[in-house]
Amino acid sequence: MIARRVIDDLRELARRTGTADGAQRLAWGPVWREAREWFRGRVGELGLGIETDSAGNNWVTVPGASTRTVIVGGHLDSVPNGGWLDGCLGVMAALEAVRMHAGAAPPVTLKLVDWADEEGARFGRSLLGSSAAAGSLKIDEVRALQDRQGTRLVDALAENGVALDRMLDAHRELKAVDARAYLELHIEQGPVLESLNKPTGVVLGTFGVERHMIRFTGQAAHSGSTPIPMRRDAFLAAAQTALECREIARRHSQPGAGVVCTVGVVNVEPKIVTAVPGVCEISLDQRALDAGVLAAMLRDAHEASARAARENNVAVEWRDLWRIEPRLFDPKLLALCEEAVREETGDATRLPSGPLHDAAEMVPHMPVVMMFAYSSNGLSHCKEEDTPEPYLETTIRAFLRLVEKTVAHVAS
Ligand SMILES: [Zn+2]
């Protein structure tokens, strides 16, 4: 039973590299290295080796009759106190795909990749290895990064045989591969499949993100002596904007194409119970799968903040934090993924991915698709993260079907 073997590997990895608090495979650290050593042994049992690229990503190759290549990926690194499936479900399912083909040359070349530092949990930069391979990493933007202990990223990398200034060579190395498809299985990390009671989902793409700080400036004043109509309360303008952003998300959401807006940070000054807030800064994080919808949501938020500023007699200023465009997956691979999920579960739920994944970095370079497994209680990045085993087995079987379908498609 092949799905069983994948689950056994996952349980063993959790035993070796987790504690009662969850997975401890923080990228570039000793437990992560241990996980990779154990994985190297697993691969070795198949008579195969591991090659590490210039960004520290680990690759396993099953040469096929053709150089055309199907890549199957995931990541062994975890957040501190992480779940037993995030990232490594993709790697262990990929290992099973490799096992199925290791004996005899498949019609096309099959590659497994274990991306380095997907989580960015230690240095704050997610998708580090995959963005280097994609050529999108800006080396100078990460050069000064340090972890909480003051260890520099450049030193942590060196400890693992990776030279920061050579990381982008991984892009050249990937371009030398005749890559025709990238597949990734991941736990959903959210409540959508659970709410539909579906074990498996077809992922349409990863959300585009607009991330900004909005700063309202009014006038701090005494809370006792300043009549309400005469106030310039920056917090009320921010609060009004935050409420309006919830309406913006409601307005732009359609069935099967949900969008989100989140105000996660509120800084208020002077932060005194007896003072009208003179300054209030909030963050805004907007996400949507459709670039046009995302742009409209941002326009609406701008208008809402201007209106709130006017109505509260305060000024408003925006500052960009970060943005990424939506990364849509390949229509042909989506169709194969849907077929695979339908054959295993009877139907195929499609959903977008709110979180980014390594797969998003591959989108500009090759056809990509992802499959999601059900998340119990929608939880991830914590020890409670889980997929019930029967659902996990179903999903792994569906994913291995997808690999086979993709191999056949790329071969033809
Ligand atoms: Zn992950």
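Looking at Glu325 and Arg327, a side-chain N of the basic residue comes within less than 4.0 Å of a carboxylate O on the acidic one, giving a salt bridge.
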What's the verdict on salt bridge (Lys or Arg N to Asp or Glu O under 4.0 Å) for Arg122 and Asp77, showing C-alpha distance, side-chain angles and the deciding distance? CA-CA 11 Å; Arg122 186 167 162 200; Asp77 74 304; over 6 Å; no
Test Asp86 against His186 for side chain to side chain contact (heavy atoms under 4.5 Å, CB included), laying out the working first. CA-CA 6 Å; Asp86 179 0; His186 205 281; 2.9 Å; yes
Chi angles and distances behind the side chain to side chain contact (heavy atoms under 4.5 Å, CB included) call for Leu168, Ile139: CA-CA 8 Å; Leu168 283 172; Ile139 297 287; 3.8 Å; yes
Before giving the answer on salt bridge (Lys or Arg N to Asp or Glu O under 4.0 Å), spell out for Arg350 and Glu338 the whole-Å C-alpha distance, their side-chain angles and the decisive distance to 0.1 Å. CA-CA 8 Å; Arg350 294 169 156 236; Glu338 215 172 300; 2.5 Å; yes
Decide yes or no on salt bridge (Lys or Arg N to Asp or Glu O under 4.0 Å) for Arg5 and Asp9, but give the supporting numbers first. CA-CA 6 Å; Arg5 201 154 53 181; Asp9 280 343; over 6 Å; no
Would you sort out whether Asn377 and Glu384 count as a side chain to side chain donor-acceptor pair (under 3.5 Å), showing the intermediate values? CA-CA 9 Å; Asn377 302 308; Glu384 291 83 6; over 6 Å; no
Leu294/Gln286 under side chain to side chain contact (heavy atoms under 4.5 Å, CB included): CA gap, chis, key distance, verdict: CA-CA 7 Å; Leu294 186 59; Gln286 296 183 301; 4.2 Å; yes
Check the pair Lys175 / His365 against side chain to side chain contact (heavy atoms under 4.5 Å, CB included), numbers first and verdict last. CA-CA 9 Å; Lys175 278 202 297 196; His365 305 289; 5.8 Å; no
One pair to check against side chain to side chain donor-acceptor pair (under 3.5 Å): Ser54 and Glu173. What are the steps and the verdict? CA-CA 8 Å; Ser54 296; Glu173 292 154 19; 2.6 Å; yes
Could you walk me through whether Glu244 and Arg251 satisfy the salt bridge (Lys or Arg N to Asp or Glu O under 4.0 Å) test, starting with their C-alpha distance in whole Å, then the side-chain angles of each, then the deciding distance to 0.1 Å, before giving a yes or no? CA-CA 10 Å; Glu244 186 54 37; Arg251 206 158 58 231; 3.5 Å; yes
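For the residue pair Thr226 / Arg231, no side-chain donor-acceptor distance below 3.5 Å is found, with atom types taken as modelled. Remark: the Trp115 side chain and the Glu361 side chain contain no N/O donor-acceptor pair separated by less than 3.5 Å. At a cut-off of 3.5 Å, with distance as the only test, a side-chain donor of His101 or Glu404 sits close to an acceptor on the other residue. Defined by atom type and a distance below 3.5 Å, a donor-acceptor pair is present between the side-chain atoms of Asn197 and Tyr391. Between the side chains of Glu51 and Asn58, no donor-acceptor pair is found at a separation under 3.5 Å.
Taken from OG in Ser412 to CZ in Arg68, the straight-line distance is 7.5 Å, to the nearest 0.5 Å. To the nearest 0.5 angstrom, Asp290 atom CG is 10.5 Å from Phe207 atom CZ. The line from CZ of Arg397 to CG of Leu392 is 10.5 Å long, rounded to the nearest 0.5 Å. Taken to the nearest 0.5 Å, the CE atom of Met370 stands 5.5 Å off from the CZ atom of Phe329. With rounding to the nearest 0.5 Å, the separation of NZ in Lys198 from OG1 in Thr394 is 12.0 Å. The line from CG of Leu48 to CG of Leu112 is 10.0 Å long, rounded to the nearest 0.5 Å.
Of the possible polar contacts, one joining the His171 side chain to the Ala133 backbone as a donor-acceptor pair under 3.5 Å is found. Side chain of Ser253 to backbone of Val259: a donor-acceptor contact under 3.5 angstrom is found. Remark: side-chain polar atoms of Arg33 are paired, donor with acceptor, to backbone N or O of Trp28 under 3.5 angstrom. Between the side chain of Asn312 and the main chain of Val314, no donor-acceptor pair closer than 3.5 Å is present. A donor-acceptor distance shorter than 3.5 angstrom exists from the side chain of Ser375 to the backbone of Gln189, with no hydrogens or angles considered. A donor-acceptor pair under 3.5 Å links the side-chain atoms of Thr19 to the main chain of Asp21, judged by distance alone. Side-chain atoms of Glu389 do not come within 3.5 Å of backbone N or O of Thr387 as any donor-acceptor pair. Proximity of a side-chain donor or acceptor of Thr200 to a complementary backbone N or O of Val341 within less than 3.5 Å is not detected. Thr345 places no side-chain N or O within donor-acceptor distance of the main-chain N or O of Arg342, the cut-off being under 3.5 Å.
Contact of the Val403 side chain with the Thr406 side chain is not registered, since no non-hydrogen atoms from C-beta on lie closer than 4.5 Å. Residues Val62 and Pro106 have side chains in contact (heavy-atom distance under 4.5 Å, counting atoms from C-beta outward). Between Pro352 and Arg287 there is no side-chain heavy-atom pair separated by less than 4.5 Å. When side chains are defined from C-beta on, Thr69 does not count as touching Met366, because their heavy atoms never get closer than 4.5 Å. Within the 4.5 Å cutoff, the side chain of Arg4 has heavy atoms near those of the Glu393 side chain. The shortest side-chain heavy-atom distance between Ile282 and Val266 falls under the 4.5 Å cut-off. Counting only heavy atoms from C-beta outward, the side chains of Val369 and Leu183 approach each other to under 4.5 Å. When side chains are defined from C-beta on, Thr241 does not count as touching Val263, because their heavy atoms never get closer than 4.5 Å.
Counting heavy atoms of neighbouring residues, nucleotides and ligands inside a 6.0 Å radius, atom CZ of Phe123 exceeds 12 of them. Applying the 6.0 Å contact sphere to CZ of Arg143 captures more than 12 heavy atoms from other residues, nucleotides or ligands. For Glu247, the CD atom counts as densely surrounded, since its 6.0 Å shell holds more than 12 non-hydrogen atoms of other residues, nucleotides or ligands.
Counting all heavy atoms, side chain and backbone alike, Gly201 lies closest to Leu193 at N-CD1, 3.7 Å. Minimum heavy-atom separation, Ala308 to Ala237: CB-O, 3.4 Å. What you find for Val31 and Gln24 is that their closest heavy atoms are CB-O, 3.4 Å. Of all heavy-atom pairs spanning Met297 and Ala288, the tightest one is SD-CB, 4.0 Å. For the pair Thr395 and Ala373, the tightest heavy-atom approach, listed with the atom from each and the gap, is CG2-CB, 3.7 Å. Of all the heavy atoms in His75 and Asp114, the pair that sits closest is CA-OD1, 3.6 Å.
Checked options Val70, Thr61, Leu174; the residue passing with Lys111 is Thr61 (criterion: side chain to side chain contact (heavy atoms under 4.5 Å, CB included)). Each of Asp53, Val162, Asn57, Val142 was checked for a side chain to side chain contact (heavy atoms under 4.5 Å, CB included) with Met167, and the lone residue meeting it is Val162.
Within the structure, ring pair (Phe, Tyr, Trp, His ring centres under 6.0 Å) contacts touching residues 269-315 (residues at least two apart or in different chains) are His302-Trp318.
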